[in-house]
Protein chains: 4
Amino acid sequence: MKRQPEESRDRILAAAVKIFAEKGYNGARIDQIAGEAGVNKALIYYYFEGKEAILNELFQSFFRQSTGMLLDFVERGGFGENPEENKRLFEAEYASYLMSSRDLLKIIVMESLKDENEDTPLFNLVDLGGSATPERLDDMESQTGMSEAEKNQLYVTEFFTGVMPFVCYIVLKDKWCRHFGMEEEELGRCFDIAMEDTHEQYHKNRDGKP
Amino acid sequence: MKRQPEESRDRILAAAVKIFAEKGYNGARIDQIAGEAGVNKALIYYYFEGKEAILNELFQSFFRQSTGMLLDFVERGGFGENPEENKRLFEAEYASYLMSSRDLLKIIVMESLKDENEDTPLFNLVDLGGSATPERLDDMESQTGMSEAEKNQLYVTEFFTGVMPFVCYIVLKDKWCRHFGMEEEELGRCFDIAMEDTHEQYHKNRDGKP
Amino acid sequence: MKRQPEESRDRILAAAVKIFAEKGYNGARIDQIAGEAGVNKALIYYYFEGKEAILNELFQSFFRQSTGMLLDFVERGGFGENPEENKRLFEAEYASYLMSSRDLLKIIVMESLKDENEDTPLFNLVDLGGSATPERLDDMESQTGMSEAEKNQLYVTEFFTGVMPFVCYIVLKDKWCRHFGMEEEELGRCFDIAMEDTHEQYHKNRDGKP
Amino acid sequence: MKRQPEESRDRILAAAVKIFAEKGYNGARIDQIAGEAGVNKALIYYYFEGKEAILNELFQSFFRQSTGMLLDFVERGGFGENPEENKRLFEAEYASYLMSSRDLLKIIVMESLKDENEDTPLFNLVDLGGSATPERLDDMESQTGMSEAEKNQLYVTEFFTGVMPFVCYIVLKDKWCRHFGMEEEELGRCFDIAMEDTHEQYHKNRDGKP
DNA sequence: CATGAATGAGTCTTCATTCAT
DNA sequence: GATGAATGAAGACTCATTCAT
């Protein structure tokens with residue numbers, strides 16, 4: 001079936017995300033991806049080196065996008081005139097992006113857990129905020145004066161009590177609703193309150209102190 | 001090689017946990033498990049119906065154990081005379097058990113994320129504290145009067161900002177240390193502080209209010 | 001090796017008939033079939049669901065063919081102007097087809113005997129003459145008036161003293177010749193005489209009476 | 001489980017007959033036989049060399065028994081004073097024995113059909129009447145004067161229109177009844193009539209002539 | 001005699017990948 | 001770009017047979 005150039009490629013990627021999220025990378029079959037994408041199995045090998053290359057492409061484009069959003073934010077003023085407001089806007093935008101990447105996040109988490117995997121894509125979510133924009137964000141946000149230990153603590157707290165709860169919420173919310181018979185919206189409200197009561201509260205205490 | 005009765009079976013289970021954690025359930029090979037266990041491949045099929053049966057056995061024995069610990073705690077006095085102290089003891093004991101189940105937890109998380117899987121073993125960790133001991137724990141801890149909505153909020157907060165951060169910490173701590181060049185102990189201290197600053201703080205606020 | 005479309009599929013079927021006849025369905029190995037067919041083992045699973053699907057296809061195509069021949073005969077005039085002659089022609093044609101299906105007949109008989117098998121493909125040879133063309137053949141041949149009991153008797157006699165001896169002759173003739181040191185042709189003559197003396201004689205008596 | 005000596009052996013043989021008849025020799029599993037016999041799998045190897053040895057034992061004891069009955073008949077007078085009557089008695093006795101060997105007959109037929117098998121146990125049923133008692137039966141029944149060709153014709157007719165229909169009747173009668181909704185007894189009557197009308201008729205013509 | 005445990009050699013089936021068109 | 005056909009390498013699972021007790 002002839003399509004727009006590159007359309008097939010995108011269909012394959014979209015299908016791959018879906019199947020990988022359904023069965024996990026190892027459980028996914030190239031046939032299923034081809035079927036889901038509505039293309040011939042061999043065509044996948046025309047566009048990609050192999051199964052793993054699809055996964056890589058998926059991960060890379062996700063982090064490219066993430067980085068892009070962050071850079072955009074920094075470029076277009078960063079914390080500029082209205083730091084609080086700007087940051088809130090960016091976070092909302094990024095949160096929304098993550099929510100739309102539910103399937104990919106699942107894959108990222110699953111692959112991050114395997115002992116055999118060298119890298120842990122999940123940590124990119126931390127690196128992003130840290131290493132990706134060191135000289136810029138760091139200076140701005142943290143008035144430079146921050147020991148290595150303080151940074152570590154910051155990262156740990158952000159990751160384990162901020163990022164991961166949110167990631168878990170995104171990837172588990174449908175299952176949670178099905179299992180406990182809740183509505184998506186109710187769970188959303190509950191989760192917001194939960195974060196408000198814990199992580200957000202921590203931020204308020206922290207920022208308020210000095 | 002003849003061994004003590006049931007020894008081979010245990011070796012197989014132990015090997016399976018390890019390999020599953022390394023490669024994921026789908027990525028694990030029966031040969032590898034046999035090799036790791038030092039038993040003949042066919043022997044695996046003598047003790048188990050197949051690959052999936054091993055996984056099930058693993059999950060079941062984990063939740064059997066978990067339930068056992070909780071029941072023991074309730075039986076032997078529950079919150080008895082010194083509720084705070086007793087609860088802290090149990091939590092420490094259970095936390096320690098979870099830490100020792102790192103590999104299994106990885107598998108549980110990975111399998112919980114797959115869309116194709118009907119059940120979400122992760123939620124058992126919630127069910128455990130909830131449904132397993134409703135009339136006892138509930139009454140004691142929560143003065144009975146608690147609406148459905150309040151319970152939902154409680155579960156959501158506990159799970160996403162209490163259980164999951166801890167689970168994530170357990171399954172990611174070695175990778176975190178390798179990735180960020182931290183010592184296990186330092187990470188442990190950081191994580192404790194992070195929980196103290198967020199989830200524990202929430203509990204204090206909550207209990208302190210009334 | 002690329003071949004004409006469907007050629008591989010046919011080669012596989014032909015090879016399967018041969019191997020099944022040699023070792024029986026259960027004794028046959030997919031490798032052997034692939035080897036005999038000169039195709040890659042995996043290709044068998046490209047064309048068929050599995051071993052059993054091959055057997056089914058074989059059986060179905062045999063009975064499709066058989067039914068086709070019978071229907072052709074009926075369509076093209078049936079007992080038309082020269083009933084006796086037409087019938088004789090059809091029988092000769094069908095007998096010749098059966099002779100050429102020697103291997104498949106072996107398989108049919110073997111599978112028909114297993115207690116575990118629900119259906120008895122052998123009986124299709126009876127159903128064929130009966131149910132496949134009820135309103136046509138029946139009326140013509142048997143002047144309609146025939147009680148259930150008479151029909152039963154007819155089927156039993158036809159099957160056990162007509163069909164089965166012929167089937168047994170086809171599937172055992174080579175073994176008989178080897179065992180008793182007879183020539184195929186001599187056995188053929190003997191078998192014709194045997195049938196002439198028994199089953200044919202019965203038909204003559206039956207038709208002659210009224 | 002301790003039993004009478006040799007009891008286990010018999011149980012194994014009986015179980016083997018049943019399972020072989022159900023699934024065919026190749027389809028039968030040693031485990032199933034052990035299960036059916038209610039003995040440990042390894043015990044089978046105490047009594048028999050292996051799977052094939054069981055089959056051989058089964059076949060041998062069947063033909064030993066058959067030969068025994070025939071010899072008994074010959075020894076105790078053969079066609080003696082009342083040839084017709086004696087022969088009829090023997091045939092009835094032997095027919096009854098065959099009927100009771102339904103499962104074994106199935107196995108014999110199935111194994112006889114496989115191209116790979118050197119010998120054709122089915123033919124033993126012919127050999128029995130022929131070679132087993134050449135100088136005795138032959139002389140008596142056939143007044144010696146009988147050419148090789150005549151003998152061949154005799155065997156062919158006996159086997160394909162006498163023995164095989166009967167064997168087929170025995171091994172297929174339950175399936176026939178289930179398939180066509182007939183009662184065992186009705187089928188029995190029909191079959192007797194069928195044989196009467198064909199094979200028996202042939203005998204009458206043959207004996208009556210001279 | 002009897003058995004639970006163990007094993008080597010298969011045996012069916014799957015799958016990522018490639019080829020020819 | 002696209003596809004039906006083909007394949008090597010593995011993968012899960014089986015099975016007759018043996019061993020130690």
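A note on names: the letters A, B, ... follow the listed sequences, proteins ahead of strands, and every chain is numbered from 1.
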Between [options], which nucleotide has the shortest distance from any of its atoms to the side chain of [X]?
X     : options               : answer
A:S8  : F:dA2, F:dT18, E:dT13 : F:dA2
A:R29 : F:dT17, E:dT7, E:dA16 : E:dA16
B:A42 : F:dT17, F:dT18, E:dT7 : E:dT7
A:L43 : F:dA2, E:dA5, E:dC12  : F:dA2

For the pair A:E22 and A:K18, evaluate side-chain contact (heavy atoms from CB on, under 4.5 Å) and give the outcome as yes or no after the intermediate values. CA-CA 6 Å; A:E22 247 172 59; A:K18 190 174 171 204; 3.7 Å; yes

Residue whose closest nucleotide on DNA chain E lies nearer the 5' end, B:Y46 versus C:N40: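 Here B:Y46 is the residue nearer the 5' end.
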
More 5' along DNA chain E: A:Y25 or C:I30, using each one's nearest nucleotide?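 Closer to the 5' end of DNA chain E: C:I30.
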
Gap between atom [atom2] of [Y] and atom [atom1] of [X] - 0.5 Å precision:
X      : Y      : atom1 : atom2 : result
B:I108 : A:L113 : CD1   : CG    : 11.5 Å
A:Y47  : A:R11  : OH    : CZ    : 11.5 Å
D:L104 : D:I170 : CG    : CD1   : 11.0 Å

Categorize [X] for me: base, sugar-phosphate, or nothing, with a 4.0 angstrom heavy-atom threshold over every strand shown.
X     : value
B:K51 : sugar-phosphate
A:Q32 : nothing
C:A28 : sugar-phosphate

Regarding E:dT3, can its base be found pairing with the side chain of D:K41 as donor and acceptor, where the two atoms are less than 3.5 Å apart?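 In this structure, the two groups form no donor-acceptor pair.
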
When only distance counts, do a donor and an acceptor, one from the side chain of B:D31 and one from the base of F:dG11, lie under 3.5 Å apart?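 It does not, because no donor-acceptor pair links the side chain of B:D31 to the base of F:dG11 below 3.5 Å.
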
Take A:G38 and C:Y47, find for each the nucleotide of DNA chain F with the closest heavy atom, and name the residue whose nucleotide sits nearer the 5' end.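 On the 5' side of the pair lies A:G38.
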
Euclidean distance, atom [atom1] of residue [X] to atom [atom2] of [N] [Å, nearest integer]:
X     : N      : atom1 : atom2 : result
A:I33 : E:dT17 : CD1   : C1'   : 13 Å
B:K2  : E:dT3  : NZ    : C1'   : 9 Å
B:I44 : E:dA5  : CD1   : P     : 16 Å
D:K23 : F:dA16 : NZ    : C1'   : 17 Å
C:E7  : F:dA5  : CD    : C1'   : 12 Å
C:R3  : E:dT21 : CZ    : P     : 14 Å
C:I54 : E:dT13 : CD1   : C1'   : 12 Å
A:Y45 : E:dC15 : OH    : P     : 12 Å

Verify, without hydrogens or angle tests, whether C:Y25 (side chain) and C:E52 (backbone) share a donor-acceptor contact under 3.5 angstrom.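 Between the backbone of C:E52 and the side chain of C:Y25 there is a qualifying donor-acceptor contact (under 3.5 Å).
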
Under 3.5 Å on both distances, the Watson-Crick or G-U partner of F:dA16: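 Across any shown strand, F:dA16 pairs with E:dT7.
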
Complementary nucleotide of E:dT21, counting Watson-Crick and G-U pairs under 3.5 Å: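 For E:dT21, the partner nucleotide comes out as F:dA2, under the 3.5 Å rule.
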
Does the distance from a Lys or Arg side-chain N to an Asp or Glu carboxylate O, for B:R3 and B:D10, drop under 4.0 Å?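 A salt bridge is absent here (no side-chain N lies under 4.0 Å from a carboxylate O).
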
